[in-house]
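The residues of the chain are indexed from 1 along the displayed sequence. Counting starts at 1 for both ligands and their atoms, in listed order.
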Amino acid sequence: MNVVVIGAGIMGTTFAALAKEMAPDIDITILERLDSVGEGNSSAFNNAGTGHEANCELNYTPVDEEVISVEKALKIHAQFNVAKQYWAYLVKQGVIEDPRTFINQTKHCTIVPSQAIELLKLRHREMSAHHFFEQMRYSEDFDEIKRWIPYTMEERPRHEKMAATVVETGTDINFGALTSQIATHLVRNLGVTIEDGIHVKRAHRSPSGSWLVEAFRHGELVQYKADVLFVGAGGGAFPLLKKSHLPFRSRYAGFPVGGRFLQAEISEEEAKHYTAKTYGKAKVGAPPMSVPHLDLRVVDGRHYLLFGPFASFNPILEKGRGFTDYLRALRVHDIPSLLSVAMEHFPLVKYLLSESFKGSQSMFEELDQFAPGMSKKFDWKPIQAGQRVQIIKDGDLQMGTEIVVSEDKTYGTLLGASPGASVSPEVMLRCLEQMLPSVCETEEAQQKRKEMFPEDDLDTLINNPERYRAIRDEVNKQLGIVSSDQSD
Ligand SMILES: Cc1cc2nc3c(=O)[nH]c(=O)nc-3n(C[C@H](O)[C@H](O)[C@H](O)COP(=O)(O)OP(=O)(O)OC[C@H]3O[C@@H](n4cnc5c(N)ncnc54)[C@H](O)[C@@H]3O)c2cc1C
């Protein structure tokens, strides 16, 4: 079987790696538009690098009339645990020699002002009762919060009442570095071909039933044939779906959301002083992906603070691509969907437009509200983040991701943006199950799967504390993540 993957980000490379591990006989070619792998949204500073496991993001635990829903948080935490199993496998196999090249332990904290203290208390009570979050601690004590996350408290007046939670075993992840290491493994050990500098323009069925992929390399047309096609092209997946002639293509359109961060390089000493990712509460009207957070980032052995994201309206498919690519991807049938979303979500559109014109001064003011005095402490500069293209499906705006697979299972694509990279091995495993069921069912494939994922059943992880704890402790050991009760 001949498989073509479009896009060499964390999704495309993980898809190829899992498929090839389970079915070594498949031929896989990855086609990438850019000159190297992992340079799209997966690149270190195009995203925030949070290993999302619902420790600190309030938007994963919505509250309705004082009733908190933790289902989404449990699912994301379980998916992240499955993701860590695969990364621990790569470390155990020696594919990744040093886990610190891509994953580094940081505290995951949430901080809120007085008006949201009851909400955080409720969240802590509900979540810490579950084995996933049994290590979460809560405090309203000024000095204790200052010890956890000094930069958010050092210059805050003592009379300002705050509350915070902390989970010590959170992570910062350089998904770009992880993608590169998986790509090297694909080429060196698994026999996958990766061709970069190839911009796929369209893929359509040939009369023989296989997919004909038309692409350009330095302006020259090149063609590939595939029995099965997986499109892991980020925002670039939308135009390819539109041109696929698949019947469900008209149900989907893309809603682009751009973003910026404030970034400051800091010393190793300063990084030791603030080893945390601290999430706050989103402003009223702000989309979930613009929850403010102040993060320690570790990239190529250097340390940075990142604050943001500042979401914006930016009608492009991917960072670095032009507005006309986005326009060309639209079809007449998309216009009613876009108009209905613009009307129904008018406050969101207004918010994104106003944020687009925000200058550095306003960004610094927001930073100082979050962590008083921080704007003066370091040399901050605004940087352009990656581009999210959210899904509009049947006229409804959605914030998550969706795997879309054709009825005959020969075309699969991942649309949407969140929670994304953190759960990529789990999401790609489900994608493989849908697209290549016969390949996944052989005895050899099942055996390999158990090696890579000792426990990938989310319900078991959610409902069986002993099984979960055993897996968690084992993978954390492989990945260099230590909880305080293990450190003595
Ligand atoms: C501002 C921001 C913050 C984020 N923060 C986090 C976070 O903290 N934690 C987290 O887990 N996730 C986060 N994400 C989401 C995360 O970045 C994505 O889920 C993840 O990178 C998606 O991986 P991908 O492989 O699908 O996309 P990409 O990494 O973008 O890869 C897609 C690849 O396809 C290529 N491509 C596109 N079109 C074509 C074409 N026509 N032909 C050939 N190649 C093509 C692109 O060049 C690109 O390399 C964030 C995203 C953004 C934008």
Side-chain angles (χ1 to χ4, degrees), residues 4-16 30-53 56-57 76 79-80 83 108 170-176 178-179 182-183 194-203 213-217 222 224 230-241 243 256-261 277 279 287 289-291 293 295 297 306 308-312 314 317-321 325 329 383-390 400-401 403 413-424 427-428 431:
V4 167
V5 174
I6 303 175
I10 190 68
M11 296 294 175
T13 52
T14 302
F15 178 91
I30 304 183
L31 307 176
E32 169 54 49
R33 186 176 72 85
L34 300 172
D35 291 335
S36 51
V37 305
E39 290 297 318
N41 273 358
S42 304
S43 178
F45 286 118
N46 283 344
N47 61 73
T50 303
H52 285 302
E53 51 182 322
C56 52
E57 311 84 343
I76 289 169
Q79 288 179 297
F80 187 70
H108 276 189
T171 53
D172 173 61
I173 303 181
N174 179 345
F175 292 108
L178 178 59
T179 306
I182 294 175
I194 301 182
E195 296 191 29
D196 47 35
I198 305 272
H199 190 153
V200 176
K201 290 294 178 184
R202 71 176 187 140
V213 179
E214 291 177 4
F216 281 92
R217 181 200 283 132
V222 277
Y224 300 82
F230 173 67
V231 185
F238 284 90
L240 295 174
L241 177 61
K243 289 180 193 162
V257 181
R260 286 175 295 166
F261 291 119
K277 281 175 176 275
Y279 278 60
M289 75 289 275
S290 68
V291 173
H293 47 103
D295 298 354
R297 302 293 315 274
L306 207 64
F310 298 88
S312 63
N314 192 8
L317 293 168
E318 293 179 284
K319 185 175 168 180
R321 286 176 77 166
D325 271 9
I383 58 166
Q384 191 64 37
Q387 177 77 4
R388 293 180 200 260
V389 183
Q390 304 295 149
T401 50
I403 299 169
T413 187
L414 182 80
L415 302 175
S418 212
S422 297
V423 296
S424 46
V427 172
M428 289 299 100
C431 192

Exercise. Does ligand 1 have an atom under 4.0 Å from some heavy atom of G49?
Worked result: yes
Exercise. Any idea which atoms of ligand 1 are less than 4.0 Å away from a heavy-atom of S42?
Worked result: 20 (C), 21 (O), 23 (O), 25 (O), 28 (P), 29 (O)
Exercise. What residues, two or more places apart in sequence or in another chain, satisfy side-chain hydrogen bond (donor to acceptor under 3.5 Å, both in side chains) together with D325?
Worked result: R321, R328
Exercise. With a cut-off of 4.0 Å, which atoms of ligand 1 are near a heavy atom of T50?
Worked result: 7 (C), 8 (O), 9 (N), 10 (C), 11 (O)
For this session: Can you sort out which atoms of ligand 1 are near G234, meaning under 4.0 Å from one of its heavy atoms?
Result: 32 (C)
Problem set entry | contact_flag P309 ligand 1 heavy-atom lt 4.0 Å | no
Side chains of residues 5-16: which donor-acceptor partners sit under 3.5 Å, not counting sequence neighbours?
unit_1, atom_1, unit_2, atom_2, d
T13, OG1, G9, O, 2.8
T13, OG1, I10, O, 3.4
T14, OG1, I10, O, 2.5

For this session: Measure across D172 and A48 and return the closest heavy-atom pair with its distance rounded to 0.1 Å.
Result: OD1-O, 4.0 Å
Exercise. Ligand 1 and A421, any nitrogen or oxygen pair closer than 3.5 angstrom?
Worked result: yes
For this session: Check each atom of ligand 1 against the heavy atoms of A385 and keep those under 4.0 Å away; list them by number with element.
Result: 1 (C)
Seminar exercise, completed: For F261 and P309 the tightest heavy-atom approach is CE2-CB, 3.6 Å
For this session: Mark yes or no for whether E318, through its side chain, and G40, through its backbone, hold a donor-acceptor pair below 3.5 Å.
Result: no
Exercise. Does some non-hydrogen atom of R321 fall short of 4.0 Å from ligand 1?
Worked result: yes
Exercise. What protein heavy atom sits nearest atom 31 (O) of ligand 1, and how far off is it?
Worked result: G9 CA, 3.4 Å
For this session: For atom 32 (C) of ligand 1, grab the closest protein heavy atom and report residue, atom and distance to one decimal in Å.
Result: G232 O, 3.4 Å
Problem set entry | N or O contact, G236 vs ligand 1, cut-off under 3.5 Å | no
Problem set entry | Check: T171 and H52 side chains under 4.5 Å, non-hydrogen atoms | no
Exercise. Is there a nitrogen or oxygen of I6 sitting under 3.5 Å from a nitrogen or oxygen of ligand 1?
Worked result: no
Exercise. N/O to N/O below 3.5 Å, does that happen between G420 and ligand 1?
Worked result: no
Exercise. Nearest protein heavy-atom contact for atom 15 (C) of ligand 1: which residue, which atom, what distance?
Worked result: A417 O, 3.7 Å
Exercise. Is the closest side-chain heavy-atom distance between I194 and V37 below 4.5 Å?
Worked result: yes
For this session: Check H52 against ligand 1 and report side chain, backbone, both or neither, counting heavy atoms closer than 4.0 Å.
Result: side chain
Exercise. Polar-atom distance check: L34 versus ligand 1, any N or O pair below 3.5 Å?
Worked result: no
Exercise. Any side-chain heavy atom of N41 sitting closer than 4.5 Å to one from N47?
Worked result: no
Exercise. Out of E53, E32, R33, whose heavy atom is nearest to atom 48 (C) of ligand 1?
Worked result: E32
Problem set entry | Heteroatom proximity flag, N41 to ligand 1, N/O under 3.5 Å | yes
Problem set entry | S422 side chain to T50 backbone, donor-acceptor under 3.5 Å | yes
For this session: Report the part of E318 in contact with ligand 1, treating N, CA, C, O as backbone and CB onward as side chain, heavy atoms under 4.0 Å; options are side chain, backbone, both, neither.
Result: side chain
Exercise. Roughly how far, to the nearest 0.5 Å, is the CD1 atom of I76 from the CD atom of E57?
Worked result: 7.0 Å
Exercise. Looking only at protein heavy atoms, which one is nearest to atom 26 (O) of ligand 1, and how far off is it?
Worked result: M11 CG, 3.1 Å
Exercise. Looking at H199, which atoms of ligand 1 are within less than 4.0 Å of one of its heavy atoms?
Worked result: 40 (C), 41 (N), 42 (N)
Seminar exercise, completed: Minimal heavy-atom distance between N46 and E39, with the atoms involved, is ND2-O, 3.6 Å
Exercise. Do P256 and N314 have side-chain heavy atoms sitting under 4.5 Å apart?
Worked result: no
Exercise. Closest non-hydrogen protein atom to atom 50 (C) of ligand 1, residue and atom name please, with distance?
Worked result: N47 CB, 3.4 Å
Problem set entry | Nitrogen or oxygen of S422 less than 3.5 angstrom from that of ligand 1 | yes
Seminar exercise, completed: Near I198 (heavy-atom distance under 4.0 Å), the atoms of ligand 1 are 42 (N), 43 (C)
Exercise. Counting heavy atoms only, which of G7, G12, A44 comes nearest to atom 34 (O) of ligand 1?
Worked result: G7
For this session: Look at R202 together with E214 and state whether they make a salt bridge at an N to O cut-off of under 4.0 Å.
Result: yes
Exercise. Which heavy atom in A215 sits nearest to a heavy atom in V200, and how many Å separate them?
Worked result: CB-CA, 3.7 Å
For this session: Kindly compute the distance separating CD1 (I198) from OH (Y224), expressed to the nearest 0.5 Å.
Result: 3.5 Å
Seminar exercise, completed: Shortest non-hydrogen pair, Q390 vs A417, comes out as OE1-CB, 4.0 Å
For this session: Report yes or no: does T179 contribute a side-chain atom to a donor-acceptor pair with the main-chain N or O of F175 at less than 3.5 Å?
Result: yes
Exercise. Where do E195 and R217 land on the side chain to side chain contact (heavy atoms under 4.5 Å, CB included) test, with the steps shown first?
Worked result: CA-CA 10 Å; E195 296 191 29; R217 181 200 283 132; 2.9 Å; yes
Problem set entry | Heteroatom proximity flag, A8 to ligand 1, N/O under 3.5 Å | no
Exercise. When you look at Y279 and D295, which way does the side chain to side chain contact (heavy atoms under 4.5 Å, CB included) test go after all the steps?
Worked result: CA-CA 8 Å; Y279 278 60; D295 298 354; 4.3 Å; yes
Exercise. Nearest protein heavy atom to atom 12 (N) of ligand 1, by residue and atom, and its distance?
Worked result: P419 O, 3.4 Å
Problem set entry | Residue G386 vicinity, atoms of ligand 1 by number, heavy atom under 4.0 Å | 53 (C)
Exercise. Tell me, which protein residue and heavy-atom name are nearest atom 42 (N) of ligand 1, and how many Å apart are they?
Worked result: V200 N, 3.0 Å
For this session: Determine whether any heavy atom of N46 lies closer than 4.0 Å to an atom of ligand 1.
Result: yes
Exercise. Looking at ligand 1, does E39 have a heavy atom less than 4.0 Å from it?
Worked result: no
Exercise. Closest non-hydrogen protein atom to atom 5 (N) of ligand 1, residue and atom name please, with distance?
Worked result: A48 N, 3.1 Å
Exercise. Which atoms of ligand 1 sit under 4.0 Å from any heavy atom of L31?
Worked result: 43 (C), 44 (N)
